[in-house]
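Step one of this worksheet: look at the structure below.
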Amino acid sequence: KLVRKIVGMGIATLTDVAVGIFVVQIIGKAFNYEVPIYFYPIGAFLALLPDLDYTYKLWQKWRGEIKIITTHKLFPHYPIIMIIPVCSVLGGLSVFWPILGYWAVVTLLCLLSHYVHDTIEVQAGLKWLFPFNKRYYRLCSFSENELKDEPLMNDMEWFERYYLRLTPQSVLGVILFVTAVLLARFW
């Protein structure tokens, strides 16, 4: 079961990792930077940054504090709370270190892509306007009736349904990841 969870997590992260790699490369070209190889893992980390709440929930479960992991309910998945302060600090510091302007744009695009991806894919959606509004917003994935009829899935159920079998999500993640690695290597 642990191996299946690790494989599910790995496949589930491929789309975000790929987007982080794409963003680093494309913004590097736009800023006319020769992108060093170590920028790509930083971009992947930035695209996965909101999922730190999952790491925290895994820690709680390991310590026996919770039984079922539900994610996207802590501050890393509140776009306003993450994007505005992080990008503002990076943008402001770019006056002193111009490379931080590049990283402000990369961070903004990586975080936005993660949030849009989760808004499409996560069953309940995200609290885009928190702390001003506590409503969850989602795109396309589930109708109101499906949400009422189907209980929210825990992490393992979600991995089983979408990533531990051939689904559009799992196939797209693998294709995007391979394409991003090839793009970073040859473009």
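Two residues are said to be in side-chain contact when any heavy atoms from C-beta on lie closer than 4.5 Å; Arg161 and Glu157 fail this criterion. Within the 4.5 Å cutoff, the side chain of Trp187 has heavy atoms near those of the Ile26 side chain. Between Thr179 and Ile175, the closest side-chain pair of non-hydrogen atoms falls below 4.5 Å. Looking only at side-chain heavy atoms (C-beta outward), Asp118 and His77 come within less than 4.5 Å of each other. Val106 has its side chain within reach of Cys110: a pair of non-hydrogen atoms, C-beta onward, lies under 4.5 Å apart. Using a 4.5 Å heavy-atom threshold, the side chains of Leu129 and Tyr137 count as touching. Looking at heavy atoms from C-beta onward, Trp128 lies out of side-chain contact with Ile80 at the 4.5 angstrom threshold.
For the atom pair CG of Leu93 and CD1 of Ile99, the computed distance is 13.5 Å after rounding to the nearest 0.5 Å. In this structure, CG in Leu164 is found 10.5 Å from CE in Met9, a value given to the nearest 0.5 Å. Rounded to the nearest 0.5 Å, atoms SG (Cys87) and CG (Leu109) are 8.5 Å apart. Taking OG1 of Thr107 as the start and CG of Leu100 as the end, the distance is 9.0 Å to the nearest 0.5 Å. Remark: Thr167 OG1 to Tyr162 OH distance equals 9.0 Å, nearest 0.5 Å.
No donor-acceptor pair under 3.5 Å is formed between the side chain of Ser88 and the backbone N or O of Pro85. His114 contributes no side-chain N or O that, together with a main-chain N or O of Leu48, makes up a donor-acceptor pair within less than 3.5 Å. Of the possible polar contacts, one joining the Thr13 side chain to the Gly10 backbone as a donor-acceptor pair under 3.5 Å is found.
A salt bridge does not link Glu160 with Arg165: none of the charged nitrogens is closer than 4.0 Å to a carboxylate oxygen.
Placement of Phe22 and Leu111 in two distinct hydrophobic clusters is found when ILVMFWY residues are connected by side-chain heavy-atom separations under 4.5 Å, directly or transitively. Hydrophobic clustering (side-chain heavy atoms under 4.5 Å, transitive across Ile, Leu, Val, Met, Phe, Trp, Tyr) keeps Leu166 apart from Ile11.
A ring-ring contact (aromatic ring centres under 6.0 Å, His included) with Phe39 is found for exactly one of Trp103, Phe31, Tyr33, Phe45, namely Trp103. Shown are Tyr115, Tyr136, Phe130; of these, the ring-ring contact (aromatic ring centres under 6.0 Å, His included) with Tyr78 is made only by Phe130.
Contact detail for Ala44 and Val17: the closest heavy-atom pair is CB-CG1, 3.8 Å. Closest heavy-atom contact between Ala47 and Asp16: CB-O, 3.1 Å. Closest non-hydrogen pair, Pro79 versus Lys127, comes out as CD-O, 3.5 Å. For the residue pair Gly101 and Ser94, the shortest heavy atom distance occurs at N-CB, 3.2 Å.
Between Phe159 and Tyr54, the angle of the ring planes goes over 60°, which puts this pair in the perpendicular group of the 30/60° scheme.
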